[in-house]
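Chain A is the first sequence line, chain B the second, and so forth, proteins listed ahead of strands; every chain is numbered from 1.
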Amino acid sequence: MKLSKFFYTTLREIPSDATMPSHVFLMRGGYIKPLSTGIYSMLPMGFRVLKNIEKLIREEMNSIGGLEVDLPVVQTAELWNESGRYTAIGEELLRFKDRNNHPMVLAMTHEEAMTDMARYVLSSYKQLPFMLYQFKTKYRDEARARGGLIRVREFLMKDAYSFHASSEDLDKHYEEEYQAYLRIFRRVGIKPIVVQSDTGIMGGKVAHEFMLDTPNGEDYLILCKSCGYQANREIAKFEREPYQGNANATPEKVATPHMESIEDVSKFLNVPPESTAKCVFFNFDNQLITVLVPGNLEVSEIKLHNLLKAKDLVPADEAMIRAAGMEPGFASPMGAKNTRVIIDEGLEFANDLVMGANEAGFHMKHCTPKRDIASFEVADIAEASELCKCPNCGNKLKETRGIELGNIFKLGTKFSESMGATYLSADGKSEPAIMGCYGIGVGRLMASVVENSHDDFGPIWPKSIAPFHVEIVTIAKDAELLEVAEKLESDLTLAGFEVLVDDREERPGVKFKDADLWGIPLRISVGKKGLVNGEIEWKLRTEKNFEMVAINAVLEKVKLFYAK
RNA sequence: CGGAAUAUAGCUCAGUCUGGUAGAGCGCUUGCUUCGGGAGCAAGAGGUCGUGAGUUCGAAUCUCGCUAUUCCGACCA
């Protein structure tokens, strides 16, 4: 491909709205073009990378028995009603009406459509198991798209769904998917952190997320360096260390004027934060939920969400709190009425705590929940942090941030049951298929590769997905140089390599800067000086310096380079 | 959905406070000179100053509404 015939652009300056490296370079290199918030067009350069990633994922899906299909993006509300998700999902699901006034949706994922396809064909246990996958546009009406391709509204996703006759068979396939995912990420140069994750409104039980470890990540991960426990902070468990003081001391009211935060109170009373109890209020279906966690920790809204099976959970307003007999800022469930009280596991056996006195300007010392709170439920509702210890081995936990590259998920029978994807078992009984689902965001992976592999000048694409295998740059406008470049191009192309020739009448500096933005693994420069000796310059994108190579040795050397 | 900000040439931005002929750099076109990490000179093309009202003799500039975009947070199979 001659650059003069290619459709491309590069930006000299950093787009004003780009902050993350992947966003900056994908814009500057002319890979993507924004069309609206979180909606991007792919230019030829970007599309080539995307297609290469797609190809690589396809190979791995086929290698574990996947069969590629294609499902519609526009679907009926009716289909989504079958699974119950038409009402269960909030505004993230884009709803609209067609000309006949039928309610429709833009698919944000394809469990329903895939289950629909499965039930059309499935009738006997003899057909199981099978795994179907596709590369398909998803639309999610994200409240806040950000970071270029990292979090978008419309995106390409590989989504796979497997169907099984037994949970053992699902387990077996789940492991195959897990290994295939590791291979996919390794092939693009990423070593993911695999964490246990929330199963959310998908139903199901076990789920893992594959995360790129990066400070730019949106997800918080909790890791144990000694035993390998890894979980998304949303659901991470940790060992509780109930505060133990003087178990026999009885509650005593103390003045704490204007001390509304845990930090203020613990400093003022000279007690450690973990000896206080943080009281947080939520409104769940107009019922007041009072949550109590150790003062040094935060409430995990995800855990609470899952515990309550809540769709809408919002902070309670002051009037509601006062109506239950509590005083915001100085609150505790002691003596409270008309509220459901949930306390974290870490407080169940704690004693001698400082809690609110439900009177402005006062707290109570020496409180023991078991004794002093009339009735409560105990649950795991505090958020893990670096202050906590590993639930498995008791060592100190670490926190890091990550970008979710993909997830795998044991769905179970949520969809097959509600939608009737059943089969007759060997003993003639009708059974719902047991399902798993497995997703990878293709565009997000493309951006993540850049996050993971770039320098100050641009992306450094791995050989597996680079937009071209080789870029040939002519160093001066000279017919002879172009002839050599063209000869190399045709030799390499015949050998199956994809070659970009920068044949522009531009100064070398311009060409080199652009080459860096395109991140092609191998750059061959054809210049007058080298040509005298029948040599070209061989430079890897990963290296700073180049070496001289005889023109007639180039083809073999390229083959060798790409064989590795 | 809360908080903050921005909207002027293809891109990055100045001009707005203090109303009076639409600006710069880069990019683009043409010519000349250059030619190894985003060259120089010269001449050009390119903008209903997001949008709608209002104030004014006069609005990019002041006032109000709307829209879009970005950042922080909330939300997020």
Undergrad: Between B/rG36 and B/rC32, how far is it from one C1' atom to the other, in whole Å?
TA: 23 Å

Undergrad: For nucleotides B/rG58 and B/rG19, find the distance between their C1' atoms and express it as a whole number of Å.
TA: 8 Å

Undergrad: What's the NZ-P distance between A/K528 and B/rG36, to the nearest Å?
TA: 10 Å

Undergrad: Just so I know, are the side chains of A/L500 and A/W518 near enough to count as touching, which here means a heavy-atom distance under 4.5 Å?
TA: yes

Undergrad: For A/Y438, which contact category applies under a 4.0 Å heavy-atom criterion: base, sugar-phosphate, or nothing?
TA: nothing

Undergrad: For A/D516 and B/rG38, what is the distance between atoms CG and P respectively, to the nearest whole Å?
TA: 12 Å

Undergrad: Where each residue is assigned the nucleotide of RNA chain B containing its nearest heavy atom, which of A/L517 and A/E92 is assigned the position nearer the 5′ end?
TA: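 Comparing both residues, the 5'-ward one is A/L517.
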
Undergrad: Measure the distance from OH on A/Y8 to C1' on B/rG27 and round it to the nearest whole Å.
TA: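 One finds 12 Å between C1' of B/rG27 and OH of A/Y8, rounded.
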
Undergrad: Does a side chain donor of either A/S418 or A/S83 reach within less than 3.5 Å of an acceptor in the other side chain?
TA: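 No - no donor-acceptor pair under 3.5 Å links their side chains.
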
Undergrad: Looking at every non-hydrogen atom in both residues, tell me the closest pair between A/R401 and A/D213 and how far apart they are.
TA: O-OD1, 3.5 Å

Undergrad: Give the rounded distance in Å between these two atoms: CD1 of A/I524 and C1' of B/rG36.
TA: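 Nearest whole value for this atom pair: 17 Å.
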
Undergrad: Say you pick atom P in B/rG40 and the same atom in B/rC26; how far apart are they, in whole Å?
TA: 7 Å

Undergrad: Does B/rA42 pair with anything, Watson-Crick or G-U wobble, both distances under 3.5 Å, and if so, with which nucleotide?
TA: B/rU30

Undergrad: When you compare B/rU8 with B/rA24, how far apart are their C1' atoms, in angstrom units rounded to a whole number?
TA: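 Comparing C1' positions in B/rU8 and B/rA24 gives a spacing of 12 Å.
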
Undergrad: Base, sugar-phosphate or nothing for A/K477? Non-hydrogen atoms, less than 4.0 Å.
TA: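 The answer is base, as A/K477 lies within the cut-off (heavy atoms under 4.0 Å) of a base atom.
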
Undergrad: Atom CD1 of A/I14 and atom P of B/rC26: how far apart are they, to the nearest Å?
TA: 18 Å

Undergrad: Going by purine N1 to pyrimidine N3 plus the second Watson-Crick contact, or the G-U wobble pair, all under 3.5 Å, which nucleotide sits opposite B/rC49?
TA: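 Checking every strand shown, B/rC49 finds no partner, since no pair has both distances under 3.5 Å.
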
Undergrad: Could you identify the nucleotide paired to B/rC17, looking across every strand shown and requiring Watson-Crick or G-U wobble geometry with both distances under 3.5 Å?
TA: none

Undergrad: When both hydrogen-bonding distances must be under 3.5 Å and the geometry is Watson-Crick or G-U wobble, what is B/rC35 paired with, if anything?
TA: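 Partner of B/rC35: none found under 3.5 Å.
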
Undergrad: For B/rU55, which nucleotide in any strand shown is its Watson-Crick or wobble partner with both distances under 3.5 Å?
TA: none

Undergrad: For a quick check under 3.5 Å, do A/T9 and A/K33 share a side-chain donor-acceptor pair by atom type?
TA: no

Undergrad: Quick one: CD1 on A/I57 to CZ on A/F185, what's the gap to the nearest 0.5 Å?
TA: 7.0 Å

Undergrad: Partner lookup for B/rA74, please. Criteria are Watson-Crick or G-U wobble with both distances under 3.5 angstrom; report none if nothing qualifies.
TA: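 Base partner found: none.
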
Undergrad: So for A/R507 and B/rU34, does any side-chain atom that can act as donor or acceptor lie under 3.5 Å from a complementary atom in the base?
TA: yes

Undergrad: Give a yes-or-no answer on whether the side chains of A/T109 and A/E111 include a donor-acceptor pair shorter than 3.5 Å.
TA: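 Yes, because at least one side-chain N or O of A/T109 sits under 3.5 Å from a partner of the opposite role on A/E111.
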
Undergrad: Does atom CD1 of A/I14 have more than 12 heavy-atom neighbours from other groups under 6.0 Å away?
TA: no

Undergrad: Take the protein atom CD of A/E505 and the nucleotide atom P of B/rU29, then report the distance between them rounded to whole Å.
TA: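 Distance check: A/E505 CD to B/rU29 P gives 12 Å.
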
Undergrad: Between B/rU29 and B/rC62, how far apart are the P atoms? Round to whole Å, please.
TA: 37 Å

Undergrad: Roughly how many Å apart are B/rA22 and B/rC75, using the P atom of each and rounding to a whole number?
TA: 50 Å

Undergrad: What residues, two or more places apart in sequence or in another chain, satisfy ring-ring contact (aromatic ring centres under 6.0 Å, His included) together with A/Y174?
TA: A/H208

Undergrad: Can you check nucleotides 71-75 of chain B for protein contacts, nitrogen or oxygen pairs under 3.5 Å, and list what you find?
TA:
{"unit_1": "B/rC72", "atom_1": "OP2", "unit_2": "A/R144", "atom_2": "NH2", "d": "2.0"}
{"unit_1": "B/rG73", "atom_1": "N7", "unit_2": "A/R144", "atom_2": "NH1", "d": "3.4"}
{"unit_1": "B/rC75", "atom_1": "OP1", "unit_2": "A/E301", "atom_2": "OE1", "d": "3.0"}
{"unit_1": "B/rC75", "atom_1": "N4", "unit_2": "A/R146", "atom_2": "NH2", "d": "3.3"}

Undergrad: For A/M27 and B/rC11, give me the distance from atom CE to atom P, rounded to whole Å.
TA: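 Distance, rounded to whole Å: 9 Å.
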
Undergrad: Report yes if a side-chain nitrogen or oxygen of A/R12 is closer than 4.0 Å to either non-bridging phosphate oxygen (OP1 or OP2) of B/rC26; otherwise report no.
TA: no

Undergrad: Do A/R233 and A/S300 have side-chain atoms, one donor and one acceptor, less than 3.5 Å apart?
TA: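 No, because no side-chain N or O of A/R233 sits under 3.5 Å from a partner of the opposite role on A/S300.
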
Undergrad: Rounded to the nearest Å, what distance is computed from the CG atom of residue A/L11 to the P atom of nucleotide B/rC13?
TA: 12 Å

Undergrad: Please list, by residue number, the residues of residues 28-45 of chain A whose heavy atoms come closer than 4.0 Å to an atom of RNA chain B; answer none if no residue qualifies.
TA: A/R28, A/S36, A/T37

Undergrad: Check step by step if side-chain contact (heavy atoms from CB on, under 4.5 Å) holds for A/E451 and A/L212.
TA: CA-CA 9 Å; A/E451 289 294 324; A/L212 174 69; 4.0 Å; yes

Undergrad: Using atom P of each nucleotide, how far apart are B/rG20 and B/rA5 to the nearest Å?
TA: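 It works out to 25 Å between them.
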
Undergrad: Decide yes or no, distance alone: a donor-acceptor N/O pair under 3.5 angstrom between the base of B/rG36 and the side-chain of A/R523.
TA: no

Undergrad: Please report the distance separating the P of B/rU6 from the corresponding atom of B/rG15, rounded so that it comes out in whole Å.
TA: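 Pairwise P distance, B/rU6 against B/rG15, rounds to 12 Å.
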
Undergrad: Go through the N and O atoms of the side chain of A/E13 and the base of B/rG25, and report whether any donor-acceptor pair is under 3.5 Å.
TA: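 Indeed, a donor on one side and an acceptor on the other fall under 3.5 Å apart.
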
Undergrad: Using a heavy-atom cut-off of under 4.0 Å over every strand shown, decide if A/M157 touches base, sugar-phosphate, or nothing.
TA: base

Undergrad: Pairing check on B/rU69: which nucleotide meets the Watson-Crick or G-U wobble criteria with it, both distances under 3.5 Å?
TA: B/rA5

Undergrad: Looking only at heavy atoms, which two atoms of A/M211 and A/L405 are closest? And how far apart?
TA: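 That would be C-CD1, 4.2 Å.
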
Undergrad: Which base, if any, makes a Watson-Crick or G-U wobble pair with B/rC11, both distances under 3.5 Å?
TA: B/rG25

Undergrad: So, A/Q196 versus A/N232: side-chain donor-acceptor pair below 3.5 Å or not?
TA: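 The answer is no; no qualifying pair exists.
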
Undergrad: If you assign each of A/N407 and A/K539 to its closest nucleotide in RNA chain B, which residue comes earlier from the 5' end?
TA: A/K539

